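To keep things clear, I will list the structure first and then write my remarks on it.
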Amino acid sequence: MAPVLTALAPFLLLPAALAGLGHPAAPVFALYVLALLLATVAALLAIGIARLPVVCLGGFAAAGAGIVPVLTSGLLWPTAAALAVAPLAGLALGGLAWLLIRSVSGNAAAALLLALLLGLASLPALTIDPGATLAWPAIDQFLLLPVLAALVLLLAARRFARSAAARLHEAAVHARLPVDGLGLEQGAFRATALILAAGTAALAGGILALGPAPIVGSEPGEWVALSLALFAIGRLGGNRLGAALLAALPLALLPKLTVVLAPHFVDLTLAAALAALVLQLIVRADGSAAWQPPGRHLDGSLAQPRLAEQ
């Protein structure tokens, strides 16, 4: 528990420091940090634990950001009620994504999910009016809805991460053993991870769209960049929440650095997406090259040649 608290400390201290200084951006930054924490949990589930080639978590977040203005501006729902619906849309999209990739290989799944990302990333631009401000949730009875939704998702994620199925899956991956042969239904395991991750990411996206000047706007390139960042967080963090939080910390400190360094942000983002897909083709999840034979040892090293039979 101590490593998780240590990794979580900056996410709690940064908004508190801004609020203590009376900075006007403190509420926006606090919402951004909350959304980033939820998105990190989504990356932990789908990529770190389930080892899925999910490059579209930012797309699920974009869908959550796109549905909130439809409900608040079009149907005049309270912002809190609209936020509570966002994870439901994410759960549905996660189920759809699983139907797309359940019967294909990892490389083909990455390509399909990349195409899904590029489609979902355009939703906020279609539903959020330029210059419009999505009001923050009012402190009333409706606020309980997104709070309960977040708690349910986090508790489900915690139970999934600590389940015997997750431990068995991780042991099988390290030992290079067939998961189904160990009594674990791999399809159900990965479907659960993807659907939970999609719902959590959609709630994060709904939060990211709030406020007068959200850190992640409505441009598709920004949601694609978020998706690539979450993919990296999941790969770096593995199955440990503390490691995923540390991998996500640069996003909390420098959320707009890429825009400053690269004015042609969309072009850079699409190039990075293609690079991520290529890496999926040539590098395994344990870092070994795809063209080398898989190892047979428990430590993941390449197997030694077998002695010739006498």
Side-chain angles (χ1 to χ4, degrees), residues 15 18-19 23-39 41-42 56-97 116-157 195-227 255:
L18 288 178
H23 198 285
V28 176
F29 187 74
L31 286 174
Y32 171 73
V33 169
L34 175 60
L36 181 58
L37 289 174
L38 290 170
V41 172
C56 64
L57 287 178
F60 297 140
I67 196 173
V68 170
V70 172
L71 297 175
T72 54
S73 301
L75 301 180
L76 302 180
W77 283 24
T79 304
L83 278 178
V85 174
L88 298 179
L91 294 174
L93 287 172
L96 174 63
L116 180 63
L117 164 64
L118 297 179
L120 293 176
S122 62
L123 290 179
L126 298 176
T127 61
I128 299 177
D129 294 331
T133 298
L134 297 180
W136 290 325
I139 302 178
D140 54 20
Q141 68 273 18
F142 291 106
L143 187 58
L144 291 175
L145 297 176
V147 171
L148 288 176
L151 289 177
V152 168
L153 287 170
L154 290 176
L155 288 175
I195 292 172
L196 274 178
T200 307
L203 179 57
I207 296 173
L208 285 173
L210 302 179
I215 292 179
V216 181
S218 60
E219 292 297 323
E222 297 189 20
W223 296 102
V224 174
L226 175 65
S227 193

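Quick caveat, the model's predicted, so the values are computed rather than measured.
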Mind checking whether L145 and L83 have side chains closer than 4.5 Å, heavy atoms only? no
Could you grab the distance from atom CG of L36 to atom CD1 of I207, nearest 0.5 Å is fine? 11.0 Å
Check the pair L75, V70 against side-chain contact (heavy atoms from CB on, under 4.5 Å), reporting the backbone distance first and the verdict last. CA-CA 7 Å; L75 301 180; V70 172; 5.6 Å; no
Looking only at heavy atoms, what is the nearest atom pair of L143 and V147, with distance? O-CG2, 3.2 Å
Distance (rounded to the nearest 0.5 Å) between L91 CG and F60 CZ: 10.5 Å
Kindly determine whether V41 and L37 satisfy side-chain contact (heavy atoms from CB on, under 4.5 Å), including the steps that lead there. CA-CA 6 Å; V41 172; L37 289 174; 5.9 Å; no
In this structure, CG of L57 is separated from CG of L226 (nearest 0.5 Å) by 8.5 Å
Distance col, row T127:OG1 vs L71:CG, nearest 0.5 angstrom, shows 10.0 Å
Quick one, T200 and P87 - any side-chain contact, counting heavy atoms below 4.5 Å? no
What's the shortest heavy-atom distance between G59 and L117, and which atoms? N-CD1, 3.4 Å
Interatomic distance, L38 atom CG to L34 atom CG [nearest 0.5 angstrom]: 5.0 Å
A62 and L120: which non-hydrogen atoms are nearest, and at how many Å? CB-O, 3.4 Å
Looking at S122 and G119, what are the two nearest heavy atoms and their distance? OG-O, 2.8 Å
Report yes if some heavy atom in the side chain of W223 is under 4.5 Å from a heavy atom in the side chain of L208; otherwise report no. yes
Would a 4.5 Å heavy-atom cut-off, applied to side chains only, mark V68 and W77 as touching? no
Would you compute the distance between atom OG of S227 and atom CG of L118 and round it to the nearest 0.5 angstrom? 9.0 Å
I need the minimum non-hydrogen distance between A80 and P146, along with the two atoms involved. O-CD, 3.3 Å
Measuring only between side-chain heavy atoms, which start at C-beta, is P137 closer than 4.5 Å to L210? yes
Considering non-hydrogen atoms only, spot the tightest contact between G90 and A202 and give its length. CA-CB, 3.6 Å
